[in-house]
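Contents: one structure, followed by commentary.
Just the heavy atoms: all of them, side chains too, but no hydrogens, waters or symmetry mates, feed the values below. All chains are named by letter (A, B, ...) in the order of the sequence lines, taking the proteins before the strands, and each is independently numbered beginning at 1. Remember, predicted model here, so these are calculated numbers, not experimental data.
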Amino acid sequence: MKQPVFREVQNRLKEEIWQAWAKASQEGLLPEPTGDIEILLEIPKERVHGNFATNLAFVLAKPARRAPREIATILVDKLVDSDLVNQAEVAGPGFINFFLKQSWLNRVLVALVEAPEEYGRVDDLAGKKIQLEFVSANPVGPMNVVNARAGALGDSLARLFKFCGAEVAKEYYINDYGIQVYTLGRSIDARYRELLGQEVVFPEDGYQGEYIYDLARALIEEKGRSLLEMSEEKRIEACRDWGYKKILASQQKDLADYGIIYDQWFSERSLHEAGRVDQVVAEMKERGLLYEEEEAVWFRSTEFGDDKDRVVRTADGRTTYFVADIAYHLNKFARGFDHLINIWGPDHHGYIPRMKAAMAAFGFDPNRLEVLIAQQINLLKEGKPFKMSKRRGEFITMRDLLEEVGNDAARWYFLMRSPDSHLDFDLELAKKETAENPVFYVQYAHARISSIFRQLDGEFIPDPEFIASVVWEDDEKEILEKVAVFPEVVSGAAREREPHRLTNYLLDLATLFHSYYNRKRFLTEEEQLTKARILLAYAVQNVVRNGLGLLGISAPEQM
RNA sequence: GCGCCUGUAGCUCAGCUGGAUAGAGCAACGGACUUCUAAUCCGUAGGCCAGGGGUUCGAAUCCCUUCAGGCGCGCCA
């Protein structure tokens with residue numbers, strides 16, 4: 001694909017600086033250009049410092065044994081005239097600031113107008129096959145707010161990676177095997193019998209939530225008293241299988257309503273039934289990774305960077321959850337993914353080294369498995385900590401939250417912070433802030449522009465020749481410069497796995513737009529002026545729409 | 001005790017590979033609707049970047065250390 005104009009300009013500018021450096025070195029003024037020193041171009045925080053700035057003079061100060069400002073002056077002096085740079089100046093302690101001719105902005109606009117939905121796309125991840133596994137909540141109860149955060153993060157990253165050229169698969173691992181679902185079965189069984197009038201002692205470790213009663217009632221409606229005929233074991237299994245499938249279905253619905261569509265739902269049980277779990281233990285044994293101690297079987301994970309060895313088979317002969325997880329991840333690699341990303345909750349971060357150790361032990365580069373931690377959410381209610389407990393059945397579910405604040409606001413709220421931040425979420429505040437949430441500010445910019453287009457006489461036909469001829473005023477240049485940098489924001493957000501770079505960017509862009517909107521009119525008496533301003537609005541609208549799209553947030557035509 | 005995350009304005013948080021005078025939203029205060037959507041705009045005020053050392057031309061950013069908060073360290077999942 002074609003490089004974004006921004007990158008092309010950046011590369012050409014680097015080339016021009018390199019030429020100046022080479023020229024200066026030929027004249028003995030500076031040391032020869034080497035591969036060790038890379039020319040870095042940054043976007044200055046202040047617009048008065050130009051479109052780009054380089055710190056090359058500082059880097060060369062030591063080898064050249066000259067003062068940075070002196071070097072910067074030499075470099076500027078050797079720069080040849082180009083159709084790119086309007087002016088280069090030495091500034092501060094030795095920066096070189098570049099002010100570009102506005103033609104580059106018009107080239108950005110031409111590219112944008114040619115393929116508006118594509119604008120912002122980069123090819124950083126072209127050819128890569130990436131799998132994202134996230135949420136993967138146990139099918140034993142409603143999902144919580146951390147699941148909602150992980151969902152927003154995983155889904156947005158998937159969209160970002162695709163926009164960067166990768167082939168992406170979103171996957172959900174269903175923990176439909178083992179103790180947790182069994183406990184669910186026992187819990188439902190107890191409520192089932194209780195509702196049918198039996199004297200029951202609710203299991204000590206059972207799930208206390210009201211939703212278990214709901215499930216039991218639904219079970220009675222569906223199957224009547226028939227389960228009472230079964231043996232206890234059969235009945236619990238029946239409750240388990242019926243129950244987790246019901247819960248799974250509601251999780252699938254919740255996620256779909258949230259806008260998250262998975263490519264695959266992967267069952268843990270299927271691994272057990274296919275014998276893959278026992279097979280993994282056998283393979284580990286063959287590879288000499290295991291030893292026996294105190295009747296248990298251990299994996300020498302410490303040889304692969306873990307801080308202690310891990311049990312794979314307990315003294316009573318059961319394989320641990322860890323083994324199923326290894327089997328699962330080996331399966332992922334077998335499916336041909338180049339890179340695996342898992343998003344886990346903060347309580348699982350201690351699990352990362354052993355998982356990577358297992359992959360390394362099977363000959364995979366552990367760097368191909370990346371685990372992101374969706375950090376905790378401190379739920380508050382009126383400023384006071386609100387402790388959630390599945391056991392006591394007191395929690396705010398993901399669905400509660402989404403119904404309360406809406407998908408767009410919830411996603412924005414989760415994504416506007418770095419994934420590492422432990423965010424405070426005040427339930428009362430979230431309700432109050434609904435109307436003040438910054439997401440509406442950004443969406444409003446989009447809606448305002450849509451409104452302008454609805455009132456436009458005639459059609460907006462972007463014409464490259466016209467675009468190339470427009471002369472922009474300074475406040476317009478500022479907006480277009482922001483538009484121009486969008487592909488880099490996309491690239492950075494994907495590379496660092498930080499969608500909040502996008503929310504910040506969109507907020508900035510919307511601010512510039514709203515300010516301009518209050519200052520200037522789009523629909524004027526002058527045809528050329530109107531055309532130019534409409535073009536500007538069109539560019540902003542598409543960037544906002546694409547940006548919100550990458551966050552999984554809607555871009556409304558009106559509000 | 002060990003490991004991971006966090007500590008920046010009254011509150012919630014940004015600050016990209018180290019760069020120029022540390023930013024935004026909310027809250028507070030003062031202004032702007034005869035005009036394409038006031039869910040908007042303009043302005044004022046607000047800081048010892050938790051503390052202390054170090055690295056260098058330059059540190060909120062990197063290293064060491066102390067303190068504070070959260071989480072994790074089972075033959076659990």
Side-chain angles (χ1 to χ4, degrees), chain A residues 38 40 42-46 48-49 53 55 57-59 61-62 67-69 91-95 97 138 140 175 177-181 183 268 293-298 307-308 310-318 320-322 324-325 345-353 373 375-376 378 383 413 416-426 429 432-433 435-441 443-445 447-456 488-489 491-493 495-496 498 500-501 503-504 507-508 510-511 513-524 530 533-534 537 558-559:
Chain A
E38 198 195 345
L40 291 178
E42 55 168 30
I43 306 164
K45 270 183 277 187
E46 310 275 337
V48 292
H49 293 141
N55 65 345
F58 295 105
V59 183
K62 199 169 241 179
R69 274 196 72 96
F95 293 100
N97 295 337
N138 285 323
V140 298
N175 300 110
Y177 185 93
I179 287 176
Q180 297 229 15
V181 279
T183 303
E268 175 185 359
E293 195 176 289
E294 293 175 17
E295 293 174 46
V297 182
W298 298 73
D307 57 356
K308 55 181 80 162
R310 306 294 171 175
V311 170
V312 295
R313 199 184 288 285
T314 63
D316 57 11
R318 292 174 301 134
T320 57
Y321 177 86
F322 180 40
D325 229 0
D347 50 339
H348 286 75
H349 76 249
Y351 202 77
I352 300 171
I373 300 297
Q375 274 296 346
Q376 65 197 76
N378 302 318
Y413 206 102
M416 72 185 294
R417 268 96 169 172
S418 104
D420 285 337
S421 74
H422 305 189
L423 73 87
D424 283 358
F425 202 118
D426 192 307
L429 215 61
K432 278 186 217 152
E433 279 189 354
E436 296 161 1
N437 198 306
V439 68
F440 296 110
Y441 181 87
Q443 288 180 319
Y444 184 47
R448 269 184 153 175
I449 296 169
S450 303
S451 171
I452 293 169
F453 277 98
R454 280 194 296 272
Q455 287 164 68
L456 184 64
E488 283 313 299
V489 177
S491 166
R495 187 186 65 242
E496 301 297 326
E498 292 182 343
H500 75 278
R501 293 180 185 220
T503 59
N504 288 336
L507 226 36
D508 286 351
T511 301
F513 174 78
H514 283 307
S515 175
Y516 181 84
Y517 183 97
N518 269 57
R519 205 164 46 239
K520 305 267 178 71
R521 285 195 61 81
F522 287 87
L523 305 173
T524 71
T530 299
R533 290 185 177 172
I534 288 292
Q558 45 189 314
M559 292 174 73

- Query: Is there a donor and acceptor pair, one atom on the side chain of A/H514 and one on the base of B/A38, closer than 3.5 Å?
  - Reply: no
- Which nucleotide, B/A14, B/G19, B/A20, lies nearest any side-chain atom of A/F58? B/G19
- Message: If you only use heavy atoms from C-beta on, which nucleotide in B/A77, B/U17, B/C16 is closest to the side chain of A/L40?
- Response: B/U17
- Atom P, compared across B/G15 and B/U61: separation rounded to whole Å: 14 Å
- Item | Face-to-face contact A/F95 to B/A20 six-ring, under 5.5 Å, under 30° | yes
- Toward the 5' end of RNA chain B, by each residue's nearest nucleotide, A/L507 or A/T524: A/L507
- Note on the structure: Using Watson-Crick geometry (N1-N3 plus N6-O4 or O6-N4) or G-U wobble (N1-O2, O6-N3), each under 3.5 Å, B/C26 is paired with B/G10
- Identity of whatever pairs with B/A39 - Watson-Crick or G-U, under 3.5 angstrom: none
Write down the protein N/O and nucleotide N/O pairs, taken from nucleotides 1-3 of chain B, whose separation is under 3.5 Å; answer none if there are no such pairs.
{"residue": "B/G3", "atom": "N2", "partner": "A/H349", "partner atom": "NE2", "Å": "2.4"}

- Message: Within the 4.0 Å heavy-atom criterion, would you say A/E294 contacts the bases, only the backbone, or no part of the nucleic acid?
- Response: base
- Query: When we call it a touch if two heavy atoms are under 4.0 Å apart, what does A/H500 touch: a base, just sugar-phosphate, or nothing?
  - Reply: sugar-phosphate
Please write out each protein N/O paired with an N/O of nucleotides 42-44 of chain B under 3.5 Å, distance rounded to 0.1 Å.
{"residue": "B/C42", "atom": "OP1", "partner": "A/S515", "partner atom": "OG", "Å": "2.9"}

Kindly give the atom pairs (protein nitrogen or oxygen, nucleotide nitrogen or oxygen) under 3.5 Å for nucleotides 6-11 of chain B.
none

